[in-house]
Trainee: 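Pasting a structure here, questions to come.
Keep in mind that this is a model prediction, so the values were computed, not measured. For reference, positions follow the sequence shown, starting with 1.
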Amino acid sequence: MKSNSHRPHQVAETVRHVLADALVREIRDPRVGMVTLTEVTVTADLGHAKIRFVAGGEGEASETALEGLRSAAGFFRTKVARALGTRVVPELHFEIDRGREHAARINEVLASLQREESGD
């Protein structure tokens, strides 16, 4: 049987679209707030989808949003199942995208090194 390598990407795009729409139109959980989906990846067997996001706000907004998203995972999965119309519907796994935090930390370290270098 020939492998359909583009299928996981297609499913990931459908998942992203369905979730983004549901977040804007249907989710009323105050824990979720302002959430931006940054990446959706689906395994080759279409059994699992990893959804990365960033949450607006300060402090523990990301952790609070993660709790809200995880509690709504069943609702989201039902929406995805309807949109896909396939026998296999991926389980949804939400993760906080820490890319911005890492980039900010790297910038801080580089700025510190530059200050030290110019001070010598």
Trainee: Is it true that E63 and R98 have a side-chain N and a carboxylate O under 4.0 angstrom from each other?
Mentor: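 Yes.
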Trainee: Taking atom CG of L37 and atom CG of L23, what is their separation to the nearest 0.5 Å?
Mentor: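 It is 5.5 Å, given to the nearest 0.5 Å.
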Trainee: Search all heavy atoms of L46 against all heavy atoms of V88 and return the closest pair with its distance.
Mentor: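 Minimum heavy-atom contact is O-CG1, 3.5 Å.
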Trainee: Look up atom NZ in K79 and atom CG in L19, then write down how far apart they are to the nearest 0.5 Å.
Mentor: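 K79 atom NZ to L19 atom CG measures 10.0 Å (nearest 0.5 Å).
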Trainee: Indicate the atoms forming the closest heavy-atom contact of G56 with A61, along with that distance.
Mentor: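 Heavy atoms only, the tightest pair is O-CB, 3.4 Å.
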Trainee: For F53, enumerate each residue passing the ring pair (Phe, Tyr, Trp, His ring centres under 6.0 Å) test, keeping only those at least two apart in sequence or located in another chain.
Mentor: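 Here no residue qualifies.
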Trainee: Is a side-chain donor or acceptor of S62 paired with a backbone partner of I96 at a separation under 3.5 angstrom?
Mentor: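 Here the side-chain-to-backbone pair does not exist.
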Trainee: Would you say that more than 12 heavy atoms from the other residues, nucleotides or ligands in this model lie under 6.0 Å from the CD of E108, or not?
Mentor: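 Atom CD in E108 is crowded, with more than 12 foreign heavy atoms closer than 6.0 Å.
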Trainee: Is it the case that one hydrophobic cluster holds both F75 and V89, taking links as side-chain heavy atoms less than 4.5 Å apart, direct or via other members?
Mentor: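 Looking at the clustering, V89 is in the same group as F75.
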Trainee: If you compare all heavy atoms of R28 against all heavy atoms of R25, which two are closest, and at what distance to 0.1 Å?
Mentor: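 Closest heavy-atom pair between R28 and R25: NH2-O, 3.1 Å.
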Trainee: Can V32 and V35 be said to form a side-chain contact (heavy atoms from CB on, under 4.5 Å), step by step?
Mentor: CA-CA 7 Å; V32 175; V35 169; 3.5 Å; yes
Trainee: Between A55 and A65, what is the shortest heavy-atom contact and its length?
Mentor: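 Heavy-atom minimum between the residues: CB-CB, 4.0 Å.
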Trainee: Has H93 got more than 12 heavy atoms of other residues, nucleotides or ligands less than 6.0 Å from its NE2?
Mentor: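 Correct, the count exceeds 12.
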Trainee: One pair to check against side-chain contact (heavy atoms from CB on, under 4.5 Å): I51 and F76. What are the steps and the verdict?
Mentor: CA-CA 12 Å; I51 299 105; F76 288 133; over 6 Å; no
Trainee: Which residue pairs pass the side-chain hydrogen bond (donor to acceptor under 3.5 Å, both in side chains) test when at least one of the two sits in residues 29-39, sequence neighbours left out?
Mentor: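 The answer is D29-R31, R31-S71, T38-D97.
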Trainee: Of all heavy-atom pairs between L66 and F94, which one has the smallest distance, and what is that distance?
Mentor: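 Result for this residue pair: CD1-O, 3.5 Å.
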Trainee: Would you please test E116 and L113 for side-chain contact (heavy atoms from CB on, under 4.5 Å) and show each step?
Mentor: CA-CA 5 Å; E116 286 178 13; L113 289 172; 4.2 Å; yes
Trainee: Would you compute the distance between atom CD of E117 and atom CG of L110 and round it to the nearest 0.5 angstrom?
Mentor: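 It comes to 11.0 Å.
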Trainee: Step by step, would you call E13 with R16 a salt bridge (charged side-chain N to carboxylate O under 4.0 Å, His left out)?
Mentor: CA-CA 5 Å; E13 281 302 305; R16 185 194 59 76; 3.2 Å; yes
Trainee: Is there a side-chain contact between P90 and V11, using heavy atoms and a 4.5 Å cut-off?
Mentor: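 Side chain of P90 against side chain of V11, heavy atoms only: contact under 4.5 Å found.
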Trainee: Look up atom CD in E95 and atom CG in L69, then write down how far apart they are to the nearest 0.5 Å.
Mentor: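 Output value for this atom pair is 12.0 Å.
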Trainee: With rounding to the nearest 0.5 angstrom, report the OG1 to NZ distance, T43 to K50.
Mentor: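 Here the rounded value is 10.5 Å.
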Trainee: Could you tell me which non-hydrogen atom of R77 sits nearest to which non-hydrogen atom of L92, and how far apart they are?
Mentor: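 Minimum heavy-atom separation between R77 and L92: N-CD1, 3.7 Å.
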